[in-house]
There are 2 protein chains.
Amino acid sequence: MRVTVDIVLFTLRPDGAATLEVLLVERGVPPYEGTWALPGGFVHPDESLETAARRELREETGVDDVYLEQLYSFGDPGRDPRGRVVTVAYYALVSPDRRPPEAGTDARAARFWPVAALPKLAFDHAAILEYGLGRLRTKLEWTGVGFELLPPKFTLSELQRLHEAILGRDLDKRNFRRWVAARDFVVPLKESRRTGRKPAQLFRFRGR
Amino acid sequence: MRVTVDIVLFTLRPDGAATLEVLLVERGVPPYEGTWALPGGFVHPDESLETAARRELREETGVDDVYLEQLYSFGDPGRDPRGRVVTVAYYALVSPDRRPPEAGTDARAARFWPVAALPKLAFDHAAILEYGLGRLRTKLEWTGVGFELLPPKFTLSELQRLHEAILGRDLDKRNFRRWVAARDFVVPLKESRRTGRKPAQLFRFRGR
DNA sequence: CCAAAAGTGTTAGGAGTACACCCATGG
DNA sequence: CCATGGGTGTACTCCTAACACTTTTGG
């Protein structure tokens, strides 16, 4: 019986609308050659599960240094045509100001896809992705997770658009700002962003 | 690389104080022969993870038909002296009116232990148990889970003692009853329990 | 001066918490 | 009649949700 890790890595494209995207790789080897899949692969005998997840992410996509959390394990017989494979799924968050992913080992291509318009996925990866999305939403409501998806300096409007993108609904500006202020997630900086309009106060996360 | 399942099975001893207990087996085979451990074992090639968890529970302890939910996967190298073993942990809940567990395959003994007074555990099972306990507590606060720990008919006081046992603190009787009523978790029955004192209204779960 | 995004307060309803007394029964 | 656990209401606080206008800047 073999064990793999698969990673559902979310990012946010800061294109005004702030669309939520997931990192996928186009498989370069059978099975499912040419099909898009979550990055992942077999766990080595001497590494922990989380280490394996980080290594696979780096090898297959060049993405490094991410927030990572274990999600769920999927192990139905028949989920992998190569035989019995149990996968431990992780979810990860990266800010969009990182260099774009590059295809690595066993991958023909690596890129982000908007969660609203995904290609057909290999194995049971559609189910894994769906599970990750659900977790991301609940995490966001109970804890402050989500900050990892933004660049180090950001405006409150950007933070709000992030939450709206993940939750899939609009939020009230004043209530959202009160909510953020009540926790103390963010620290105001001495800078503001001079966009074409009224300048916006910049913030960073508290902690790190 | 091999895959096991381990089950953290909670029950409630209805001894007035309502103590929370966990099912453990005394290992009858190496490694850790003679040490107490969570029930569990290797996943067969043709069964799902959850099926494996149910089978192991039945084989090792005679316990059947339980509420079961996946908890977390533990896979650090070195956690099992037999080599690299990844375990998928489940947590389970049973009502206390079931017949007592019986030692089965590979188990010298099987019994419940109060979570407040546990023996030394094999492998990394102490960490797994601790994780399960944490999950049980948070589940209880956000959802109505916990009902599975009671017999089919129960009084509100019994339900309250259950919550107190799991949360580890006392709850206000009136507030607790209002909380239960606000969700609609329970349905009143036409019976009451004639205990030595004022009879108590019996309830069952909605949608059992 | 206009377009565009930033920023800001008040009110109403719901949920949780603290708190004390009467009731029904069996012995 | 008394000991025991069953059962009930109110007031306060806090969090959430609804809702609209003014400010600053670049062009």
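Each chain gets a letter, A, B and so on, in the order the sequences are listed, and its residues count up from 1.
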Between B:A182 and B:R174, which has a closest nucleotide on DNA chain C that is more 5'?
B:A182
Separation of D:dG6 atom C1' from B:R161 atom CZ, nearest Å, is 11 Å
Would you name the heavy atoms of B:L171 and B:H163 that are closest together and state the gap between them?
CD1-CB, 3.7 Å
How long is the span from the CD atom in B:E50 to the CG atom in B:L68, to the nearest 0.5 Å?
5.0 Å
If only atom types and distance count, is the side chain of B:E60 paired as donor or acceptor with the main-chain N or O of B:G40 below 3.5 Å?
yes
Walk me through whether A:F205 and A:F185 qualify under ring-ring contact (aromatic ring centres under 6.0 Å, His included).
CA-CA 6 Å; A:F205 318 126; A:F185 287 159; 9.5 Å; no
Those residues that, when tested against B:A52, pass side-chain contact (heavy atoms from CB on, under 4.5 Å) (two or more places apart):
B:V5, B:V43, B:E47, B:R55
First contact, last contact: which nucleotides of DNA chain C are these for chain A, 5' to 3', heavy-atom distance under 4.0 Å?
C:dA4 to C:dT10
Separation of atom CZ in B:F176 from atom P in D:dG7, rounded to whole Å:
13 Å
Counting the atoms with a prime plus P, OP1 and OP2 as sugar-phosphate, which does A:R183 contact under 4.0 Å by heavy atoms, base, sugar-phosphate, or nothing?
sugar-phosphate
Considering every strand and a 4.0 Å limit on heavy-atom distances, what is the contact class for A:T155: base, sugar-phosphate, or nothing?
nothing
Minimal heavy-atom distance between B:Y91 and B:K139, with the atoms involved, is OH-CG, 3.2 Å
Going by the rule side-chain contact (heavy atoms from CB on, under 4.5 Å), which residues pair with B:R177 if we only count those two or more places apart in sequence or in a different chain?
B:L156, B:S157, B:K173
Could you tell me which non-hydrogen atom of B:L12 sits nearest to which non-hydrogen atom of B:A18, and how far apart they are?
CD1-O, 4.0 Å
Expressed in angstrom and rounded to an integer, what is the separation of B:E158 atom CD from D:dG7 atom P?
11 Å
Hey, can you tell me if B:W179 and B:F176 have their rings parallel, tilted or perpendicular (30° and 60° cut-offs)?
parallel
Can you check nucleotides 24-27 of chain D for protein contacts, nitrogen or oxygen pairs under 3.5 Å, and list what you find?
from	atom 1	to	atom 2	distance (Å)
D:dG26	O4'	A:G196	O	2.7

Non-neighbouring partners of B:E191 that pass side-chain hydrogen bond (donor to acceptor under 3.5 Å, both in side chains), sequence neighbours left out:
B:K153
Tightest non-hydrogen contact, residues A:V63 and A:P101, listed as CG2-CB, 4.2 Å
If I take atom CZ in residue A:R177 and atom C1' in nucleotide D:dA17, what distance separates them, rounded to the nearest angstrom?
17 Å
Position toward the 5' end of DNA chain D (nearest nucleotide), B:A200 or B:N175
B:A200
Bend angle of the helix from C:dC1-D:dG27 to C:dG27-D:dC1, end axes from five pairs each (to 10°)
10°
Tell me: CZ of B:R178 to C1' of D:dG7, nearest whole Å?
13 Å
